Amino acid sequence: PAGIEEFSLLPVGQKLLRYDQLAVCTIVSNRQGGVSSCDIRFRDDLKDFNREYLLCTAQAAQTCEDRDLSPECMVIGTSAMVDTELDGAVGMHSGVYNNPFLIWGRYRKKMFRYHLPLSFQFHHTQMDGAQAGRFLEELQNEIRQLTL
């Protein structure tokens, strides 16, 4: 979401709130067999983000406590359901949770390539398809950089 201004906006009622910082929310399986929510501050440098991701998710798994960075950060929701193949998710926004949301399942291998279908949802007040498409293209570029 770096450089895409719309990710810093959150529709709340009749207002658009602007945030200075972004965070990514992930769900962590904890040691009690449940799940904990874990917000990780967004970093432009993927290695720095990964370091914080590993530290914070391990802590959430061990303590069984949620790590919530809202309202200081605009939080982008994510969910990895790696135990299932997923082609999309529908109806995630309830009017209460208007944050952008990215969800994916298990990757698939077709011939000599790997495919990771994902679903990206956002509130239309926040951004249009052009910004969503730019985000997805930038995500694809980051993934390509990992495979080089």
Side-chain angles (χ1 to χ4, degrees), residues 1-11 19-70 72-148:
I4 301 176
E5 178 183 352
E6 288 76 10
F7 274 94
S8 65
L9 303 174
L10 177 65
Y19 288 81
D20 293 329
Q21 298 180 49
L22 297 176
V24 175
C25 176
T26 188
I27 302 300
V28 179
S29 296
N30 64 40
R31 66 180 176 86
Q32 294 177 344
V35 294
S36 298
S37 174
C38 183
D39 294 350
I40 298 118
R41 206 172 297 279
F42 176 78
R43 309 246 186 253
D44 285 328
D45 185 290
L46 191 55
K47 289 180 182 176
D48 289 343
F49 179 81
N50 187 53
R51 200 170 9 262
E52 185 169 350
Y53 173 90
L54 293 173
L55 177 72
C56 294
T57 55
Q59 184 178 24
Q62 183 61 33
T63 65
C64 304
E65 294 178 5
D66 294 337
R67 182 173 193 256
D68 184 7
L69 295 179
S70 66
E72 66 189 73
C73 294
M74 166 59 185
V75 179
I76 299 167
T78 67
S79 187
M81 300 189 314
V82 296
D83 294 333
T84 187
E85 290 188 9
L86 178 75
D87 287 320
V90 179
M92 299 301 291
H93 293 292
S94 65
V96 176
Y97 303 107
N98 292 324
N99 303 55
F101 192 82
L102 186 66
I103 186 171
W104 62 92
R106 184 182 312 142
Y107 70 86
R108 301 169 188 159
K109 186 173 182 181
K110 293 181 183 177
M111 300 291 283
F112 302 107
R113 300 182 72 164
Y114 292 93
H115 298 264
L116 179 65
L118 55 90
S119 176
F120 175 56
Q121 295 191 14
F122 56 92
H123 196 291
H124 208 304
T125 301
Q126 179 185 38
M127 68 180 77
D128 288 317
Q131 291 89 6
R134 193 166 115 222
F135 164 71
L136 292 171
E137 184 62 30
E138 289 182 18
L139 178 61
Q140 180 63 57
N141 289 337
E142 289 294 326
I143 292 170
R144 281 189 189 109
Q145 292 298 316
L146 295 173
T147 61
L148 295 180

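Since the model is a prediction, treat every value here as computed from it, not as a measurement.
For D128, the side-chain hydrogen bond (donor to acceptor under 3.5 Å, both in side chains) criterion is met by H124, not counting sequence neighbours. Scanning for side-chain hydrogen bond (donor to acceptor under 3.5 Å, both in side chains) contacts around E72 gives R41, with sequence neighbours left out. T78 pairs by the side chain to side chain contact (heavy atoms under 4.5 Å, CB included) definition with V24, T26, L102, W104, not counting sequence neighbours. Checked against side-chain hydrogen bond (donor to acceptor under 3.5 Å, both in side chains), N141 has the following partners two or more places apart in sequence or in another chain: R144. Partners of Y114 by ring-ring contact (aromatic ring centres under 6.0 Å, His included), not counting sequence neighbours, listed by chain and number: Y107. In this structure S29 satisfies the side-chain hydrogen bond (donor to acceptor under 3.5 Å, both in side chains) test with no other residue, sequence neighbours excluded. For Q126, the side chain to side chain contact (heavy atoms under 4.5 Å, CB included) partners at least two apart in sequence or on another chain are L9, P11, M74, P100, F122, H123.
When every heavy atom of V75 is checked against every heavy atom of C25, the shortest pair comes out as CG1-CB, 3.5 Å.
Here the CD-CD distance, from Q131 to E6, works out to 4.0 Å after rounding to the nearest 0.5 Å. Taking CZ of R106 as the reference point, atom NE2 of H115 lies at 15.5 Å (rounded to 0.5 Å). The CD atom of E137 lies 11.5 Å from the CZ atom of R134; values are rounded to the nearest 0.5 Å. R108 CZ to L116 CG: the interatomic distance, rounded to the nearest 0.5 Å, is 9.0 Å. Separating the CD1 atom in I76 from the CG atom in L10 is a distance of 10.5 Å, to the nearest 0.5 Å. A distance of 12.0 Å separates CD in E138 from CD in Q140, rounded to the nearest 0.5 Å.
Here salt bridge (charged side-chain N to carboxylate O under 4.0 Å, His left out) pairs that include residues 50-63, with residues two or more places apart or in two chains, are R43-E52, D48-R51, E52-R67.
Between the side chain of N99 and the main chain of G77, no donor-acceptor pair closer than 3.5 Å is present.
Applying the 6.0 Å contact sphere to CD of Q21 captures more than 12 heavy atoms from other residues, nucleotides or ligands. Counting heavy-atom neighbours within 6.0 Å of F120 CZ, excluding the residue itself, gives a total above 12.
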Can you list, pair by pair, the side-chain donor-acceptor contacts under 3.5 Å of residues 31-39, counting residues two or more places apart and other chains?
unit_1: R31; atom_1: NE; unit_2: Q62; atom_2: O; d: 2.5
unit_1: S36; atom_1: OG; unit_2: N30; atom_2: ND2; d: 3.1
unit_1: D39; atom_1: OD2; unit_2: L69; atom_2: N; d: 2.8

